[in-house]
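Read through the structure below, which is laid out as structure tokens, and then see the notes.
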Amino acid sequence: MIKADKIWLDGKLVAFEDAKVHALTHALHYGMGVFEGIRAYRGADGRPAVFRLREHVQRLFDSAHIVLMEIPYSVEQLEQACVETLKANKLDAGYLRPLAFFGAGALGVGAVNPVQVMVAAWPWGAYLSEEGMKRGIRAKVSSFTRMHVNVNMVRAKISGQYVNSFLATREAALSGFDEAILLDTEGYVAEGAGENIFIVKNGVLQTPPLSSPVLAGITRDTVLRIARDLGIPVREEKFTRDTMYLADELFMTGTAAEVTPVREVDGRRIGKGEPGPVVKKVQETFFRAVRGEEQRYREWLTAY
Ligand code: PMP
């Protein structure tokens, strides 16, 4: 179980044991919460910083806007709450989880209950394992499909939408794979259960466009910027499952997953079956950026 000293709940830091909600919390019944995953890193100079804090908190507000939820704090207040939570837990690196949700009150599906907000923080290493980060992971195309854009709101990080990710992740794990890859309703590759996806073919980097049912990942955006700065040609275009099997390189990006190479999909070796030159370069630059070692990406860091 995750353990922390303090959790920020509804405007103040409370002891871990006191961060409780009522059993009739609307979000618990219907998944009506919006959340974020944010990482803080210890810089190369020893100073900790949150990576792309503003963009994450802004996305939380965007998700809330999409589900007609009024967050009773400002962007600045929630940024402050994130930093305070890291400090209160004496974390110089770690994972932050802000969540805004409809609390207790009425229990009709469309009830508009008071909005509660929490922020927790804890240490978290490589999401898809240290070994996966170095050697690449094994993934499986899921039998579950990514939600159609008119079924759910793919631009929002809504708690209930993660039932789809949960089913895909559990299926992949039960089949002996590290992660699931979901196709869209047309059969094109969409994204991982909690990550965006990239292929490299003949030196060109490609990822599904934001018109596909994918989350507008902040790590996706970071990688696109890094690739362009490295002079790697980039295309935001759909691709099929077999194109993915034939890729020279394949990798996934996400706040939790960071930049994780994929060495095998559905029993097909990808490229040479190990991380290739493009993913290695992107991964290296990404980790230099989050640790403040790249001057041009310093604007992404909020030191604390
Ligand atoms: N897709 C899904 C479904 C996710 O849950 C995540 C993780 N937030 C991502 C993509 C990657 O987004 P980000 O890089 O902003 O963490």
Side-chain angles (χ1 to χ4, degrees), residues 31 33-41 50-64 66 82 94-100 119-121 124 126-128 133 137 139 141-142 144-149 151-172 178-185 188-199 205 207-227 236 250-260 262 279 282-283 285-287 289-290 297 300 302:
V34 294
F35 69 101
E36 274 303 315
I38 313 175
R39 271 190 193 264
Y41 292 89
V50 186
F51 187 62
R52 305 199 69 173
L53 177 60
R54 174 54 60 101
E55 290 88 338
H56 280 284
V57 173
Q58 187 55 57
R59 189 172 64 185
L60 184 76
F61 278 80
D62 289 350
S63 297
I66 288 170
C82 288
Y95 186 81
L96 276 164
R97 166 52 54 81
L99 168 73
V119 183
W124 207 357
Y127 175 63
L128 295 166
M133 198 61 112
I137 60 162
V141 170
S142 185
F144 295 97
T145 303
R146 205 58 172 154
M147 295 151 304
H148 185 272
V149 292
V151 169
N152 262 316
M153 302 287 105
V154 295
R155 201 59 79 241
K157 242 178 120 54
I158 302 167
S159 302
Q161 293 188 168
Y162 281 77
V163 170
N164 181 244
S165 293
F166 176 88
L167 292 171
T169 306
R170 291 297 299 141
E171 178 189 64
D178 303 308
E179 185 55 304
I181 295 171
L182 291 99
L183 308 179
D184 65 21
T185 47
Y188 292 96
V189 175
E191 60 181 340
E195 306 85 11
N196 292 105
I197 196 161
F198 288 78
I199 56 170
L205 187 62
T207 193
L210 294 184
S211 51
S212 285
V214 301
L215 187 73
I218 290 164
T219 322
R220 176 188 181 277
D221 179 73
T222 301
V223 163
L224 288 175
R225 165 84 188 274
I226 287 175
E236 292 180 65
L250 179 62
F251 64 94
M252 290 177 161
T253 65
T255 298
E258 297 164 307
V259 177
T260 301
V262 180
V279 66
V282 168
Q283 202 185 42
T285 311
F286 172 81
F287 282 114
V290 299
Y297 304 132
W300 284 337
T302 303

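Indexing begins at 1, ligand by ligand and atom by atom, following the structure's order.
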* Can we say Lys157 and Glu36 salt-bridge, meaning some charged N sits less than 4.0 Å from an Asp/Glu carboxylate O? -> no
* When you look at Thr302 and Arg54, which way does the side-chain hydrogen bond (donor to acceptor under 3.5 Å, both in side chains) test go after all the steps? -> CA-CA 9 Å; Thr302 303; Arg54 174 54 60 101; over 6 Å; no
* Using 30° and 60° as the class limits, which term best fits the ring planes of Tyr297 and Trp300: parallel, tilted or perpendicular? -> parallel
* To do: May I ask you to decide whether Glu258 forms a salt bridge with Arg39, counting only side-chain N to carboxylate O separations under 4.0 Å?
  => yes
* Do the ring planes of Tyr41 and Phe286 sit parallel (below 30°), tilted (30 to 60°) or perpendicular (above 60°)? -> perpendicular
* Which heavy atom in Pro208 sits nearest to a heavy atom in Val214, and how many Å separate them? -> CB-CG1, 4.5 Å
* **Neighbouring residues of ligand 1, heavy-atom cut-off under 4.0 Å** => Arg59, Arg146, Lys157, Tyr162, Glu191, Ala193, Gly194, Glu195, Asn196, Leu215, Gly217, Ile218, Thr219, Thr253, Gly254, Thr255
